[in-house]
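Notes for the one structure printed next.
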Amino acid sequence: MIGEHAFCPTSGASLSQEIHYDEHGRSERAPRSDELTPTDALETPLTTGERRSSKRALSTYFQRCHRRHAESPRDELVDGDERAVDETATEDEIDSEDEDRPDLYRHATLALTRLKRAATGRQERDVIVWYALRERLARDGFDVAWMTAHVEPRCPDCGSQLVYVSGPNRPIGRCPTSCTGDRHDRLRAIRTTVTALFERTYSDATLEADALTLL
């Protein structure tokens, strides 16, 4: 991924806050080692993330985000997101979630393998795979609402951050540069691509594009 949620596209390692500049003045950041990427990060080049990452990188990012969701107190959540922590959860419920973690990770790895294998063209982008993964895991009975806080919809054509306006039923996302010369809803385009990937991967499943929640 790129932008706020960028990570190493090869290993999935998180990126340092320190910015380096190459000979052309382009900013780059160094991958950091942690328990999920203890040594690999030291062998990967500087990066600002990519729109397409390896299956391994996405799997690592998924696990890191899930652990953050499970362990962070409310006041440490990114952008004040309140969906990630249930303050009413009992100790038994928390213990149960910890016990379910290996099962969740197995399901996520299997789903990522299938999604990455089926994806073509724009379907291969991290944002698309991430939303399709969220839909698959939700259908498998996992609580994955937290995944929405760890991805940013961007213009499918130029990759710019979207600007939002109110629509009749939900927000409309527009490219700030109007890169294709129109004012079409880019969120709608993203939902359509996610739906196509999901149904391509799971031929016996159907998914309505308008049923997807991107924000």
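Applying the side chain to side chain donor-acceptor pair (under 3.5 Å) test to R139 and every residue at least two apart in sequence or in another chain returns E135. By the salt bridge (charged side-chain N to carboxylate O under 4.0 Å, His left out) test, R64 is found to be paired with D34, residues two or more places apart in sequence or in another chain being considered. When the side chain to side chain contact (heavy atoms under 4.5 Å, CB included) test is applied to S178, the partners found at least two apart in sequence or on another chain are R183. Every residue two or more places apart in sequence or in another chain that forms a salt bridge (charged side-chain N to carboxylate O under 4.0 Å, His left out) with D182 is listed here: R186. For E35, the salt bridge (charged side-chain N to carboxylate O under 4.0 Å, His left out) partners are R67, not counting sequence neighbours. Residues forming a side chain to side chain donor-acceptor pair (under 3.5 Å) with T113 (at least two apart in sequence, or on another chain): K55. With sequence neighbours left out, the salt bridge (charged side-chain N to carboxylate O under 4.0 Å, His left out) criterion links E28 to no other residue.
Of all non-hydrogen atoms in A6 and G49, the two that sit nearest each other are CB-CA, 4.2 Å. Across all their heavy atoms, P9 and A57 have their closest contact at O-CB, 3.4 Å. Heavy-atom minimum distance, Y131 versus P153: OH-CG, 3.3 Å.
No side-chain donor-acceptor contact under 3.5 Å links T37 to the backbone of A13. Of the possible polar contacts, one joining the D185 side chain to the L187 backbone as a donor-acceptor pair under 3.5 Å is found. Within the 3.5 Å criterion, the main-chain N or O of Y105 finds a donor-acceptor partner in the side chain of T109. When atom types are taken as modelled, the side chain of R134 and the backbone of M147 share no donor-acceptor pair closer than 3.5 angstrom.
Residues C175 and C158 form a side-chain contact, since some pair of their non-hydrogen atoms from C-beta on lies under 4.5 Å apart. For the pair F7/L58, a side-chain contact is recorded, criterion being any heavy-atom separation below 4.5 Å from C-beta on. Proximity of T48 to I2: side-chain heavy atoms (C-beta onward) are nowhere separated by under 4.5 Å. Side chains of E18 and R29 form no contact here, defined as non-hydrogen atoms less than 4.5 Å apart. Two residues are said to be in side-chain contact when any heavy atoms from C-beta on lie closer than 4.5 Å; F62 and H150 fail this criterion. For the pair H107 and L137, the minimum side-chain heavy-atom distance is below 4.5 Å.
For the atom pair CG (L212) and CG (L207), the distance works out to 4.5 Å, reported to the nearest 0.5 Å.
Residue pairs that meet the salt bridge (Lys or Arg N to Asp or Glu O under 4.0 Å) test with at least one member in residues 168-178, sequence neighbours left out, do not exist here. For residues 188-206, the set of pairs meeting the side chain to side chain donor-acceptor pair (under 3.5 Å) definition, not counting sequence neighbours, comprises R188-D210. A salt bridge (Lys or Arg N to Asp or Glu O under 4.0 Å) check over residues 108-118, counting only residues at least two apart or in different chains, returns nothing. Among residue pairs with one or both ends in residues 10-35, none qualify as ring-ring contact (aromatic ring centres under 6.0 Å, His included); sequence neighbours excluded.
The local environment of CG in N169 is sparse, with at most 12 non-hydrogen atoms from other residues, nucleotides or ligands closer than 6.0 Å.
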Please tabulate, for side-chain N and O atoms in residues 120-128, each donor-acceptor pair with protein atoms closer than 3.5 Å (sequence neighbours left out).
unit_1	atom_1	unit_2	atom_2	d
R122	NH1	D157	OD1	3.3
R122	NH2	D157	OD1	2.7
Q123	OE1	T120	N	3.3
E124	OE1	R52	NE	3.3
R125	NH1	P156	O	2.4
R125	NH2	P156	O	3.3
D126	OD1	S53	N	2.8
D126	OD2	M1	N	2.7
D126	OD2	S53	OG	2.6

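Side-chain contact check for R154 and S160: no donor-acceptor pair (N or O, by modelled atom type) lies under 3.5 Å.
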